[in-house]
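This report refers to the structure that appears directly beneath it.
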Amino acid sequence: MRPADPDGPVLVGRRAGPARPQVGRGYRLYDAEAVARLDLVRTLRELGLGLDAVEAVLARTATVAEVAAAHVAALDTEIRTLRLHRAVLSTVADRGSTMEETLLMNKLARLSAQERQRIIDDFVQEMVEGTDPDAPARGIAESMRRLPAELPDDPAPEQVDAWIELAELVADESFRQRVRAMALAGGGADELEYETDHHAVLEHAGRAVADGIAPSSSQGRTVLARIVPPDTPVDQRALVLEQLETFTDARVERYWQLLAIVNGQSPQPAAVPAFEWLIAALRADTAERRENGE
């Protein structure tokens with residue numbers, strides 16, 4: 001059989017596409033333009049474009065670039081959805097979740113950015129309702145509502161898990177009441193002559209926690225003296241203790257950690273255990289001093 005002329009009709013197999021062939025001796029003959037169209041159809045289909053998009057290109061009602069751009073946008077949406085599904089399923093697997101929890105987690109994870117922000121905004125607004133506009137609680141509340149515009153295109157399982165835990169936390173009534181009490185608190189703060197040094201608490205009380213030192217032990221009193229000066233009057237020690245008890249809460253600290261994770265940041269190490277140790281040490285020391293008439 002003589003090879004086809006490169007500039008003339010091209011010989012191809014029987015199962016060619018829908019071009020208009022010249023038929024002869026059991027073969028279909030296509031010119032170069034028809035073969036190019038077939039290659040284009042095959043390429044576009046392999047890239048995942050639908051028949052409507054292919055037909056639009058062939059009919060020249062849309063360019064290849066236009067249908068490609070539309071398909072890229074559709075693929076981006078599909079990829080985000082698949083990644084979100086993967087992250088939710090990873091969370092379900094890690095938690096050993098029930099069917100009801102799985103349904104809730106999927107619903108929470110699929111909320112739009114506006115819906116997620118509304119959940120947090122409603123929580124924060126309720127917490128600061130009725131407080132002085134110039135009160136410190138207002139500035140803290142503004143920080144508490146900062147969420148990313150949307151979860152990343154490829155959210156890590158810990159980000160999805162953090163958002164789900166955050167949504168569950170702000171829906172918890174006991175947590176809402178605790179934050180509300182903290183927002184309204186502040187009585188006695190102006191009367192404090194001594195404020196605890198945050199870094200000193202983490203350094204000394206944190207080490208005491210790590211070393212297993214009991215707050216009420218003699219070693220505990222030595223550590224306490226490094227944080228609260230021993231000559232601090234009992235009434236001032238009581239006010240410090242009251243402030244610490246009011247503003248120390250593991251779940252509130254967890255809120256900030258979750259907010260950081262959702263925003264793709266590294267959360268601060270837990271400081272509450274050190275402050276809880278300090279509270280216990282102060283409580284024991286204050287009670288003892290009062291018994292001794294100090």
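At most 12 non-hydrogen atoms from other residues, nucleotides or ligands lie less than 6.0 angstrom from CD of Gln268.
No donor-acceptor distance shorter than 3.5 angstrom exists from the side chain of Thr232 to the backbone of Val228, with no hydrogens or angles considered. Arg176 places a side-chain N or O within 3.5 Å of a backbone atom of Val170 that can act as its donor or acceptor partner.
The hydrophobic cluster containing Leu282 does not contain Val272, counting ILVMFWY residues as joined when their side-chain heavy atoms lie under 4.5 angstrom apart, directly or transitively. Note on Val179 and Trp256: same hydrophobic cluster, where clusters join Ile, Leu, Val, Met, Phe, Trp and Tyr whose side-chain heavy atoms are under 4.5 Å apart, directly or indirectly. A continuous path of Ile, Leu, Val, Met, Phe, Trp and Tyr side chains, each step under 4.5 Å between heavy atoms, connects Val262 with Ile119, placing both in one hydrophobic cluster.
Between Ile279 and Glu245, some side-chain heavy-atom pair lies under the 4.5 Å cut-off. A 4.5 Å side-chain heavy-atom check between Leu259 and Asn263 finds at least one atom pair inside the cut-off. With a 4.5 Å cut-off on side-chain heavy atoms, Val252 and Phe247 do not count as touching. Taking 4.5 Å as the limit, some side-chain heavy atom of Leu202 sits within range of a side-chain heavy atom of His198.
When all heavy atoms of Arg290 and Ala238 are compared, the closest pair comes out as NH2-CB, 3.4 Å. For the pair Ala281 and Leu224, the tightest heavy-atom approach, listed with the atom from each and the gap, is O-CD2, 3.8 Å. Counting all heavy atoms, side chain and backbone alike, Glu253 lies closest to Pro273 at OE1-CD, 4.5 Å.
Between atom CG of residue Asp172 and atom CD of residue Gln177 there is a gap of 9.0 Å, rounded to the nearest 0.5 Å. Here the OG1 atom belonging to Thr286 is positioned 10.0 Å from the CG atom belonging to Asp235, to the nearest 0.5 angstrom.
We find that Arg237 and Asp285 are joined by a salt bridge, their nearest charged nitrogen and carboxylate oxygen being less than 4.0 Å apart. With salt bridges taken as basic N to acidic carboxylate O contacts below 4.0 Å, none links Arg254 and Asp249. Between Arg226 and Glu203 there is no salt bridge, since no side-chain N of the basic residue sits under 4.0 Å from a carboxylate O of the acidic one.
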Kindly determine whether Val223 and Trp277 satisfy side-chain contact (heavy atoms from CB on, under 4.5 Å), including the steps that lead there.
-> CA-CA 10 Å; Val223 173; Trp277 185 96; 3.6 Å; yes
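Among Val240, Thr248, Ile227, Leu241, the single residue meeting the side-chain contact (heavy atoms from CB on, under 4.5 Å) criterion with Leu278 is Ile227.
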Do any side-chain atoms of residues 204-220 form donor-acceptor pairs under 3.5 angstrom with protein atoms, and if so which ones, sequence neighbours left out?
| from | atom 1 | to | atom 2 | distance (Å) |
| --- | --- | --- | --- | --- |
| Ser217 | OG | Ala214 | O | 2.7 |
| Ser217 | OG | Gly220 | N | 3.0 |

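With sequence neighbours left out, the ring pair (Phe, Tyr, Trp, His ring centres under 6.0 Å) criterion links Phe123 to Phe175, Tyr255.
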